[in-house]
Structure formats: C-alpha cells, structure tokens
Amino acid sequence: METKGDTKPLLDVKNLKVDYSAANGVVHAVNDVSFTLQRGEILGLAGESGCGKSTMAYAITRLLRPPGYMTGGQILYHVPEGRDIPIIHRDTEDALLAEGTIDLMDLSPTQLRRFRWNELSIVFQSAMNALNPVLSIGAQIIDVLKRHRPELSAEQRKHRALELLNLVGIASDRLSSYPHQLSGGMRQRAVIAIALALNPELIVMDEPTTALDVVVQRDILQLISALCKEFSMALIFITHDLSLLLELADRVAIMYAGKIVELASCQELYLRPNHPYSYGLLNAFPNLHGPRRVMGGIPGSPPDLRNVPAGCAFHPRCLMAFEACRKVEPILQAVHPGEHAEQGGLVSCHLYDKRYHKDDVAGSEAIAARYATLAEEGKIR
C-alpha cells in the first residue's frame with residue numbers, strides 16, 4: 001500500500017449516522033459507523049443486502065437524497081501533502097485553497113461540485129443506468145473535462161479521453177460508440193474511465209461487477225487493482241460477494257444492520273474470521289480446492305432496521321449467542337487487546353469481552369467447532 005510518505009489517513013469517518021424516514025417508522029440504515037482509510041489503500045465493505053453498504057457510499061460522496069438524511073457524524077478528508085484543492089467559499093464565492101482537513105458534511109453544493117471528481121469519484125452499481133444512453137462514451141468523458149478543466153482545448157480534451165479509454169482497455173475507435181453498442185464489461189470499464197478522468201485520490205465503487213459473468217468480473221478486478229497501484233488511489237469497494245474482496249482489498253469491513261461488526265486484513269479475515277456473522281459469510285460458499293468442509297451459512301433473515309433487536313442485532317441468527325448477547329449491545333474493539341491489538345483486527349462481539357465470556361477459546365476455532373457439532377446433530381446442513 002503506497003502512502004507517499006503521508007502519515008495522516010486520507011479519509012476519516014467518525015460516528016456516521018444515516019436514517020431514512022418512512023410513514024411506518026425511521027430506518028436506521030447506518031448507525032454510528034467509524035473507520036479510517038489510508039492513502040492508496042483498498043478497503044472492502046461487505047455484507048448482506050440491506051446492511052447499509054450502498055447507503056454508506058452515498059453518504060460519503062454526499063449524494064443522499066430524501067427520504068435519506070445524515071443525522072450525525074463527520075466525514076473528514078485529509079488533504080494529501082502538496083496537493084492543491086480549489087474550493088469555492090460559500091460566502092465570498094472566491095477561490096479558496098483548502099489546507100489541512102475538510103469536513104465533507106460542511107461543504108455547500110457549490111463546494112461539493114468542485115470537490116467531487118477532482119478528489120472523490122464514484123462508480124455506480126449499474127453501468128448501463130449510470131451512462132447517458134443518448135450520448136457517446138467520448139462525449140460523456142469530455143463533459144467531465146469541460147466542467148472541471150475549462151482551460152483545456154477541445155483537442156486536449158479529446159486526447160485525454162483517448163488516454164482514459166486506453167487505460168481501461170477500450171480501443172480508441174470506441175470513443176464515438178454509444179452505451180448500447182458496448183458489452184456489459186466494456187460499459188463498466190467506460191464508467192471507471194470517467195471516474196479516473198481527473199485523477200482523484202479516492203474512488204468509491206458500489207458493486208461494480210454486478211450482473212457480469214465471472215470471467216469479466218476477474219478482468220475488471222485485475223484492472224481496478226492495477227489502476228490503484230499505478231496511481232496510488234484509495235478505493236472503497238462495496239459488494240455482497242466476500243470472495244471478491246479477499247482477492248482485491250487490503251482490509252475488509254463486515255457490516256450488519258447498519259454497523260461494522262468486524263474490521264480486519266484480508267488474510268486475517270480469511271484465516272480467522274472472528275465474528276460469527278463473518279464466519280457464516282465465508283462458509284456460505286464452497287472452496288474450489290482443498291479438503292471438504294462443513295458449509296455453515298447463516299440461518300434466518302436480517303432484522304427490520306426500524307426495530308433492531310436489543311443487545312447484539314445478530315443474536316437471533318447467531319449460533320454462538322448467550323445471555324449477554326440478548327441484553328447488551330457490543331462495541332467494536334480489538335480482538336487481542338494490548339500490544340498485539342493490530343494483529344487480530346476489530347470485532348463487535350461479546351465472545352471477546354471477558355466481562356461476559358470467560359472461555360479462553362473464542363473466535364474462529366470456537367465458531368468452527370460449534371458449526372461442526374450442529375452439523376453432526378443434523379441441525380444445520
């Protein structure tokens with residue numbers, strides 16, 4: 001992971017809360033979520049549908065629309081050393097050079113227009129819907145350059161558009177093609193090219209490989225990985241497919257019921273998933289290689305976010321739940337407190353809190369043993 005010598009994180013999300021108002025109650029889609037993202041790091045967000053992943057993406061990029069609204073928290077963008085960010089001041093409308101830290105929650109619409117695409121861009125979930133069907137691919141790339149780089153000539157903008165297509169593996173003669181003339185994989189590459197147009201520091205990708213076959217998925221993942229390394233871009237990659245993140249990301253955050261329940265490196269998560277939910281996600285699909293093993297899966301369904309269960313939100317579906325899980329809400333804490341805290345990542349589970357769980361054996365070993373016992377008893381398949 002390239003940091004270019006910058007010791008500060010690029011993005012610092014603190015206690016973010018997002019609600020959706022509805023006639024029959026308030027949906028707490030993102031509930032007190034915090035994490036940091038280093039410059040050049042790839043962070044994966046995974047979880048079942050409805051856990052708050054896409055809402056998180058729209059909140060970070062300030063693209064939420066009613067009935068969704070942010071009710072608390074901060075989204076702090078730390079300007080990389082030596083990088084100039086022209087932002088329009090909301091009162092004077094004069095060019096302002098932002099230094100230090102920017103809270104994206106405080107930016108006006110005018111400031112946001114200057115900030116987006118220059119520093120932060122997004123790749124939406126459906127490439128076909130994200131592209132304008134009546135404009136060519138070239139016209140859509142050039143439109144971004146016209147808006148944010150008005151000093152460029154028409155020839156320079158066209159040259160940059162050709163550069164971007166070449167960068168994502170699309171032939172230059174496709175510049176005048178319309179979205180319907182491209183395959184699904186090529187449309188996805190075109191959307192990535194638009195996101196890269198202004199060399200942003202951070203890209204948010206919301207399930208960019210949805211509806212693509214596995215061969216094209218691998219090509220897109222390899223492209224994303226290569227681009228992040230080449231340009232030292234940070235990336236938040238959102239998906240419900242945990243197997244994709246294990247190949248791509250540096251760290252993975254597992255979300256459930258609007259909260260992060262585990263945050264760990266890919267290797268640590270793959271070898272030792274510490275939260276029962278993470279274990280269930282990882283064991284819901286078979287390995288292509290290696291010995292046969294019990295596939296655990298996750299019983300039940302995600303909770304109604306208008307009425308989240310007391311205690312741990314996952315306890316009605318958890319095969320490891322005990323009394324404290326039903327009464328006390330767990331906090332995100334180090335798996336191994338003390339000097340080895342970074343080795344095991346963070347987890348929100350009472351199995352790792354000595355106040356509630358006295359056994360020395362916890363984590364993936366205890367969870368695996370529990371699943372094996374239930375499989376032998378025929379209670380799970």
Side-chain angles (χ1 to χ4, degrees), residues 43-53 238-249 251-303 309 311-326 329-336 341 343-354 356-381:
L43 175 68
L45 282 179
E48 294 171 292
S49 296
C51 70
K53 307 184 301 298
I238 299 170
T239 181
H240 63 273
D241 190 343
L242 196 52
S243 62
L244 291 180
L245 292 182
L246 295 177
E247 294 188 37
L248 176 69
R251 290 187 300 152
V252 175
I254 304 295
M255 291 192 68
Y256 185 78
K259 289 179 174 287
I260 292 178
V261 296
E262 184 165 1
L263 178 61
S265 68
C266 281
Q267 183 179 17
E268 179 68 24
L269 186 71
Y270 178 70
L271 296 176
R272 288 173 293 275
N274 289 297
H275 197 283
Y277 181 61
S278 304
Y279 185 91
L281 290 178
L282 280 168
N283 286 272
F285 55 89
N287 287 331
L288 297 179
H289 307 285
R292 296 179 63 183
R293 58 177 172 78
V294 176
M295 289 178 60
I298 305 172
S301 301
C312 175
F314 186 60
H315 86 259
R317 307 173 67 190
C318 183
L319 302 179
M320 304 292 293
F322 52 98
E323 189 61 27
C325 303
R326 301 176 180 89
E329 184 176 352
I331 60 173
L332 196 64
Q333 60 185 344
V335 176
H336 305 297
Q343 295 180 6
L346 304 173
V347 67
S348 176
C349 182
H350 290 320
L351 288 173
Y352 305 89
D353 194 327
K354 295 299 182 182
Y356 307 112
H357 194 270
K358 306 301 181 184
D359 293 348
D360 292 330
V361 179
S364 57
E365 294 85 358
I367 298 169
R370 175 66 170 158
Y371 269 90
T373 299
L374 292 173
E376 289 176 2
E377 296 172 355
K379 295 182 180 179
I380 61 172
R381 300 182 186 180

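It should be emphasised that the depicted structure is a prediction, and the values quoted were computed from it without experimental measurement.
Residues passing the side chain to side chain contact (heavy atoms under 4.5 Å, CB included) test with L332, sequence neighbours excluded: I260, L346, S348. For E247, the side chain to side chain donor-acceptor pair (under 3.5 Å) partners two or more places apart in sequence, or in a different chain, are R218. With sequence neighbours excluded, the residues that form a side chain to side chain contact (heavy atoms under 4.5 Å, CB included) with P316 are P309. Applying the side chain to side chain contact (heavy atoms under 4.5 Å, CB included) rule to E329 yields the partners K259; only residues at least two apart in sequence or on another chain are considered. In terms of the salt bridge (Lys or Arg N to Asp or Glu O under 4.0 Å) criterion, K53 has no residue partners (sequence neighbours excluded). The side chain to side chain contact (heavy atoms under 4.5 Å, CB included) test applied to C318 returns P276, F314, M320, A321, not counting sequence neighbours.
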Please test D353 against I331 for side-chain contact (heavy atoms from CB on, under 4.5 Å), starting from the C-alpha separation and ending with a verdict. CA-CA 10 Å; D353 194 327; I331 60 173; 5.8 Å; no
Run the side-chain contact (heavy atoms from CB on, under 4.5 Å) check on L269 and I254 step by step: do they pass? CA-CA 10 Å; L269 186 71; I254 304 295; 4.1 Å; yes
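Residues P302 and E48 share a closest heavy-atom pair of CG-OE1, 3.7 Å. Contact detail for Q333 and C349: the closest heavy-atom pair is NE2-O, 4.1 Å. When every heavy atom of G47 is checked against every heavy atom of L281, the shortest pair comes out as CA-CD1, 4.4 Å.
Between L246 and L282, the closest side-chain pair of non-hydrogen atoms falls below 4.5 Å. In this structure, E262 and Y277 have side chains that are not in contact, with every pair of non-hydrogen atoms separated by 4.5 Å or more.
Here Y256 contributes atom OH and I298 contributes atom CD1; the two are 8.0 Å apart, rounded to the nearest 0.5 Å. The line from NE2 of H350 to CD of E323 is 10.5 Å long, rounded to the nearest 0.5 Å. To the nearest 0.5 Å, atom OG of residue S243 and atom CG of residue L248 are 11.5 Å apart. Between atom CG of residue L43 and atom CG of residue L245 there is a gap of 9.0 Å, rounded to the nearest 0.5 Å. With rounding to the nearest 0.5 Å, the separation of OG in S278 from CG in L242 is 7.5 Å.
A side-chain donor-acceptor contact under 3.5 Å links Y352 to the backbone of N274. Side-chain atoms of R317 come within 3.5 Å of backbone N or O of P299 as a donor-acceptor pair.
Residue-environment remark: CD (Q267) stays at or below the threshold of 12 foreign heavy atoms within 6.0 Å.
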